[in-house]
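Taking it in order: structure first as structure tokens, then the write-up.
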Number of protein chains: 2
Amino acid sequence: MVFDTIDKKLLELLQADSKQTNKELSNKLNLSVTAVYERIKKLERGGFIKSYVALLNKEKVAKNFSVYCHVKLIQHTQEYVVSFEKEVNQLNEVLECYHLSGDYDYLLKVLVSDMAAFREFMVKKLTTIRHIGSTHSMFVINEVKHTTAINF
Amino acid sequence: MVFDTIDKKLLELLQADSKQTNKELSNKLNLSVTAVYERIKKLERGGFIKSYVALLNKEKVAKNFSVYCHVKLIQHTQEYVVSFEKEVNQLNEVLECYHLSGDYDYLLKVLVSDMAAFREFMVKKLTTIRHIGSTHSMFVINEVKHTTAINF
DNA sequence: CCTGAAACTGATTAAAC
DNA sequence: GTTTAATCAGTTTCAGG
């Protein structure tokens, strides 16, 4: 699909604030309301926009303890990998999980309320997953930057 | 502020899809439209909801090469830290940056289009930041899980 | 591709229970 | 908390350049 400079600008605006009205967007883009509407629909139908979501304040909802956790599997058999990835998907403390190059196999982003909750998570949930060889946790001291917006 | 079970459920629904109408939400929550409206406004005013955003498909917008990059500073003086954090915030390839416990100081999530773009980013942008001692890059082979939604 | 107008739908407020 | 109803603002459709 075609995808011009105005579409990119539009996507940047929607990534910053999806509750703007088409009128506000039309002003910023120097387009008519209808043109904005048609472009958004085109981008939605084309699958460029995956979803519209609300982002929460971690502190306000008492989930303000983030930990990055490296995980190494015992072996890399197809069965172990599939099984591990499936189990990790079930854990709602795990917001993100990536298969990475390097010394460790996986990197997990874990979000809980505090150290006690993290301990609970490690003991009761993560380490009970089969096939895990070792883990290494790195605590987030400070969030320097965090955005969901892709820039062009 | 008070924050009951219905509010939590409402936040989960809005984190999954913020474009639902109040009527749809009212059905799922067994509340009236007015009650849903009032609760959302309360959560917005209370700062629980930070923002509403569009999430894009990385593949579709040709930004499908993610790299986690550890960065160690030469020294940890106040000046070095402030300067580094400021410069990292300017780089739009860097979606996230955390100050972490452990052997390295920072973990950056970098999103670019491909390996060539990553090389360009490292040579022209990241390593030109002053005070960086060393870096270590880990390439994302596969995204196993990725959500922006906080569960309760 | 774009525009402006008309029709429709949902958000918002107020009232009464 | 609920329902209903009025109003307003935004979305969506459509005819035409």
Length of the [atom1]-[atom2] vector between [X] and [N], whole Å:
{"X": "Gln20(A)", "N": "dG10(D)", "atom1": "CD", "atom2": "C1'", "answer": "14 Å"}
{"X": "Glu38(A)", "N": "dT3(C)", "atom1": "CD", "atom2": "C1'", "answer": "12 Å"}
{"X": "Lys19(A)", "N": "dT11(D)", "atom1": "NZ", "atom2": "C1'", "answer": "14 Å"}
{"X": "Lys23(A)", "N": "dG10(C)", "atom1": "NZ", "atom2": "P", "answer": "22 Å"}
{"X": "Leu31(B)", "N": "dT2(D)", "atom1": "CG", "atom2": "C1'", "answer": "10 Å"}
{"X": "Asp4(A)", "N": "dC1(C)", "atom1": "CG", "atom2": "C1'", "answer": "10 Å"}
{"X": "Lys42(B)", "N": "dG1(D)", "atom1": "NZ", "atom2": "C1'", "answer": "12 Å"}
{"X": "Leu25(A)", "N": "dA9(D)", "atom1": "CG", "atom2": "P", "answer": "18 Å"}

What does [X] touch in the nucleic acid at a heavy-atom separation under 4.0 angstrom: a base, only the sugar-phosphate, or nothing?
{"X": "Ser32(B)", "answer": "base"}
{"X": "Lys41(B)", "answer": "sugar-phosphate"}
{"X": "Thr21(B)", "answer": "sugar-phosphate"}

Strictly below 4.0 Å: does [X] bring a side-chain N or O up to OP1 or OP2 of [N]?
{"X": "Arg39(A)", "N": "dC2(C)", "result": "yes"}
{"X": "Asn22(A)", "N": "dG10(D)", "result": "no"}
{"X": "Tyr37(B)", "N": "dT13(C)", "result": "yes"}

*Report yes if the side chains of Leu100(A) and Asp105(A) come closer than 4.5 Å at any heavy-atom pair, otherwise no.*
no
*Is the shortest distance from a Lys or Arg side-chain nitrogen in Glu120(B) or Lys125(B) to a carboxylate oxygen in the other one below 4.0 Å?*
no
*asked:* Looking at Lys72(B) and Asp103(B), is any side-chain nitrogen of the basic one under 4.0 Å from a carboxylate oxygen of the acidic one?
replied: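 No, Asp103(B) and Lys72(B) are not salt-bridged.
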*asked:* With a sphere of 6.0 Å drawn around NZ of Lys28(A), does it hold more than 12 non-hydrogen atoms of other residues, nucleotides or ligands?
replied: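 Buried by this count: over 12 neighbours within 6.0 Å.
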*asked:* We want to know whether Glu44(A) and Tyr52(A) form a side-chain donor-acceptor pair, criterion being a heavy-atom distance below 3.5 angstrom.
replied: yes
